[in-house]
Student: 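Provided herewith is a single structure, encoded as structure tokens, for subsequent inquiry.
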Amino acid sequence: MSADDFIVTPWHVEGDIDYDKLIKQFGTEKISSELLERIKGITGQDHFMLRRGIFFSHRELNIILDEYEKGNKFFLYTGRGPSGHTHIGHLVPWMFAKWLQEKFDVNMYFQLTDDEKFYSKPNLTLEDTKKFAYENALDFIALGFNPEKTKIIINTRNIQTLYPIAAQVAKKINFSNTKATFGFTNETNLGMIFYTSLQSAPCFIEDKPVLIPLGVDQDPHFRLTRDIAPKIGKQKPALIHNIMIPSLEGPGGKMSASDEKSTIYTTDSPAEVKKKINKHAFSGGQLDIEQHRKLGGNPDIDVSYQYLRIFFEPNDDKLKTIYEDYKSGKLLSGELKAILIEKINAFLAIHQENREKAKNQIDQFLFENK
RNA sequence: GGGUUCGUAGCCUAGCCUGGUAGGGCGAUGGUCUCCAAAACCAUCGAUCGUCGGUUCAAAUCCGAUCGGGCCCA
């Protein structure tokens, strides 16, 4: 694989991703400065994840805004495949979704695809994926969603509601569509093949336009959904995409829930966070102090800096100072890591407290079949 | 229902024909080096060879049964 090659699919992400190329490849639209201004005008705020290009691409977000300005509300939908514990990379689209809910005052549906992870992970039982679904739900709730306007859908629990919609969808998708989109082969089990219609179902759960914040690697699922929406008399879902969150081990690839070392979990203790960052976070520093002072570090490939940019340092001025100090060589990699460790642990202290409280709130968030 | 193929450490895999209780790669862990990380180098851990039984002095290896996965045909 040459330096500028990269792969982004729902099941595999690899290489150094060129997001401008990816936009062309996927046929999405870049979030333009005009669109940013428009969002700022409506919400009165430009979220740092938009400003910094963490959310960089979309499909028909402008139409969602057109309708909104005419007084037609949309709703939000995102989800998670519960194959393991929640890590901080998962929180990026959820946290952004929470901001959207707050600013636009809209309903939110969060789908936990316990069936799909059971189908796709040979070693996981349905009991396992249900357990992770519950664990993941706690992290989602802990971010502060409005219980009046937020519902968590668990596939095996809410199949009664999802199935009639999924049936509409399934009839319009044939085998060659799914094969081409997801790389299915003759080894693929039947559950996987049907599954995309279940992932589409929440898009049509309300008779309103839907906006889906999600990692760009998941876009292909909704390309299919967008194709069939008009065929079943529905509006195409709009999407807003975030970049892949790098693993601790470095650029090229996203943070994986299954690789313990390269992942910060939401349940990690302060000591674990410190150890993981210090021992594993890929740095953009130089070989030794002397060279670092002279040549300066490279924040653009430094995972610690990237985590601050993506999630943990919303203050632009502070981030800029860190960027410049690191680039000039004034700030050492170890010192940069110390800043990140403190930020993560401060965040997790609050998050873990909210996560505990979520155990008592979960019932009011679970979607009830009608 | 018929056929076929596979099952060896977390993952991939050699060995099976020609029996003598397993070898490699990746990963993991530790160390050197570095302000850290990475890279590089050094070292270490890790496998009752799917399960049960049979043959044999001796079975991952031969035989039987069984469980599990894949594919083809019906």
Side-chain angles (χ1 to χ4, degrees), chain A residues 1-3 6-7 11-17 83-85 87-89 116-129 132 175 178-179 182-193 244-265 268 270-313 321-345:
Chain A
M1 197 157 80
S2 68
F6 58 90
I7 301 166
W11 62 92
H12 182 68
V13 176
E14 187 187 328
D16 198 0
I17 303 163
S83 59
H85 291 290
H87 62 63
I88 55 177
E116 188 265 343
K117 287 303 166 195
F118 168 61
Y119 294 139
S120 66
K121 302 285 177 183
N123 298 325
L124 290 182
T125 64
L126 255 188
E127 287 308 307
D128 292 335
T129 58
F132 285 132
F175 189 37
T178 55
K179 270 209 295 201
F182 302 112
F184 291 161
T185 67
N186 281 351
E187 298 178 36
T188 307
N189 68 59
L190 206 53
M192 292 294 293
I193 293 162
M244 296 294 94
I245 312 306
S247 88
L248 273 187
E249 312 266 290
K254 66 170 176 177
M255 191 183 264
S256 158
S258 53
D259 187 357
E260 300 258 336
K261 309 294 174 298
S262 62
T263 304
I264 307 277
Y265 294 101
D268 281 349
E272 283 170 321
V273 170
K274 187 176 179 190
K275 191 179 173 194
K276 283 182 183 181
I277 298 293
N278 279 332
K279 280 207 70 92
H280 299 289
F282 182 82
S283 100
Q286 299 297 343
L287 285 177
D288 54 42
I289 289 189
E290 198 187 334
Q291 294 215 52
H292 191 86
R293 295 289 187 212
K294 198 169 129 201
L295 303 168
N298 181 356
D300 296 321
I301 62 164
D302 190 289
V303 170
S304 301
Y305 175 78
Q306 290 305 319
Y307 281 17
L308 289 170
R309 180 176 84 92
I310 291 168
F311 198 90
F312 291 103
E313 183 48 89
T321 304
I322 292 168
Y323 184 91
E324 285 171 353
D325 287 352
Y326 195 55
K327 193 143 191 155
S328 73
K330 186 176 164 194
L331 189 68
L332 299 176
S333 299
E335 293 165 343
L336 173 60
K337 286 185 175 186
I339 294 172
L340 177 66
I341 290 164
E342 199 191 319
K343 283 282 177 185
I344 293 179
N345 282 335

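What you see is a predicted model, and the numbers here were worked out from it, not measured in a lab. Computed from heavy atoms alone, side chains included, the values below leave out hydrogens, waters and symmetry copies.
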Student: Name the closest nucleotide to the A:H292 side chain, picking from B:C35, B:G70, B:A37.
Tutor: B:C35
Student: Between A:F312 and A:L340, which heavy-atom pair has the shortest distance, and what is it?
Tutor: CD1-CD1, 4.1 Å
Student: Name the pairing partner of B:U4, where a pair is Watson-Crick or G-U wobble with both distances under 3.5 Å, or state none.
Tutor: B:G70
Student: Considering only the C1' atoms, how many Å lie between B:G15 and B:C49, rounded to the nearest integer?
Tutor: 10 Å
Student: Whole angstroms only, please: what is the CD-C1' distance between A:E249 and B:G27?
Tutor: 11 Å
Student: Can you tell me how far C1' in B:C72 sits from the matching atom in B:G54, rounded to whole Å?
Tutor: 33 Å
Student: Select one nucleotide: of B:G70, B:A28, B:C35, the one nearest the side-chain heavy atoms of A:D288.
Tutor: B:C35
Student: If we take the P atom in both B:G25 and B:G1, what is their distance in whole Å?
Tutor: 45 Å
Student: Could you please name the option among B:G30, B:C36, B:A38 that lies closest to any side-chain atom of A:K337?
Tutor: B:C36
Student: Under 4.0 Å between any heavy atoms, over every strand shown, what does A:H280 touch: base, sugar-phosphate, or nothing? Just pick one.
Tutor: sugar-phosphate
Student: Answer yes or no: is there a donor N or O on one side and an acceptor on the other, between the side chain of A:H280 and the main chain of A:K275, under 3.5 Å?
Tutor: no
Student: Considering residues, nucleotides and ligands other than A:E342, do more than 12 of their heavy atoms fall under 6.0 Å from its CD?
Tutor: no
Student: Take atom CD of A:Q291 and atom P of B:U34, then tell me their distance rounded to the nearest Å.
Tutor: 12 Å
Student: Indicate the atoms forming the closest heavy-atom contact of A:P299 with A:Y323, along with that distance.
Tutor: CG-CE1, 3.3 Å
Student: When you compare B:A9 with B:U48, how far apart are their C1' atoms, in angstrom units rounded to a whole number?
Tutor: 12 Å
Student: Given atom CD1 of A:I277 and atom P of B:A38, what is their separation to the nearest angstrom?
Tutor: 13 Å
Student: Of all the nucleotides listed (B:A37, B:G70, B:C36), which has the minimum atom distance to the side chain of A:F282?
Tutor: B:A37
Student: If the P atom of B:C26 is compared with that of B:G7, how far apart are they to the nearest Å?
Tutor: 22 Å
Student: In whole Å, measure the gap between the C1' atoms of B:C33 and B:G20 for me.
Tutor: 46 Å
Student: Tell me: CG of A:D300 to C1' of B:A38, nearest whole Å?
Tutor: 17 Å
Student: For A:K121 and B:C11, what is the distance between atoms NZ and P respectively, to the nearest whole Å?
Tutor: 14 Å
Student: With respect to the side chain of A:L287, which nucleotide from B:A37, B:C35, B:G70 is positioned closest?
Tutor: B:A37
Student: Between A:Y326 and A:S333, is a side chain to side chain donor-acceptor pair (under 3.5 Å) present by the stated rule, with each step listed?
Tutor: CA-CA 8 Å; A:Y326 195 55; A:S333 299; 2.8 Å; yes
Student: For RNA chain B, whose closest nucleotide is more 5', that of A:K275 or that of A:S283?
Tutor: A:K275
Student: B:G50 and B:A60: how far apart are their P atoms, nearest whole angstrom?
Tutor: 10 Å
Student: Which base, if any, makes a Watson-Crick or G-U wobble pair with B:U51, both distances under 3.5 Å?
Tutor: B:A65
Student: Is it true that a side-chain atom of A:K337 and a backbone atom of A:I277 form a donor plus acceptor pair closer than 3.5 Å?
Tutor: yes
Student: Select from A:Q286 and A:T188 the residue whose nearest nucleotide in RNA chain B is closer to the 5' end of that strand.
Tutor: A:Q286
Student: Rounded off to whole Å, could you give me the NZ-to-C1' distance for the A:K274 and B:C36 pair?
Tutor: 12 Å
Student: Which one is paired to B:U44, where only Watson-Crick or G-U wobble pairs with both distances under 3.5 angstrom count?
Tutor: B:A28
Student: Could you please name the partner base of B:U18, counting Watson-Crick and G-U wobble pairs only when both distances are under 3.5 Å?
Tutor: none
Student: Expressed in angstrom and rounded to an integer, what is the separation of A:N278 atom CG from B:A38 atom P?
Tutor: 12 Å
Student: Measure the distance from CD1 on A:I339 to C1' on B:C35 and round it to the nearest whole Å.
Tutor: 13 Å
Student: P atom, B:G70 versus B:G53: distance in rounded Å?
Tutor: 28 Å
Student: When rounded to the nearest 0.5 angstrom, what distance separates NZ in A:K343 from CD1 in A:I339?
Tutor: 9.0 Å
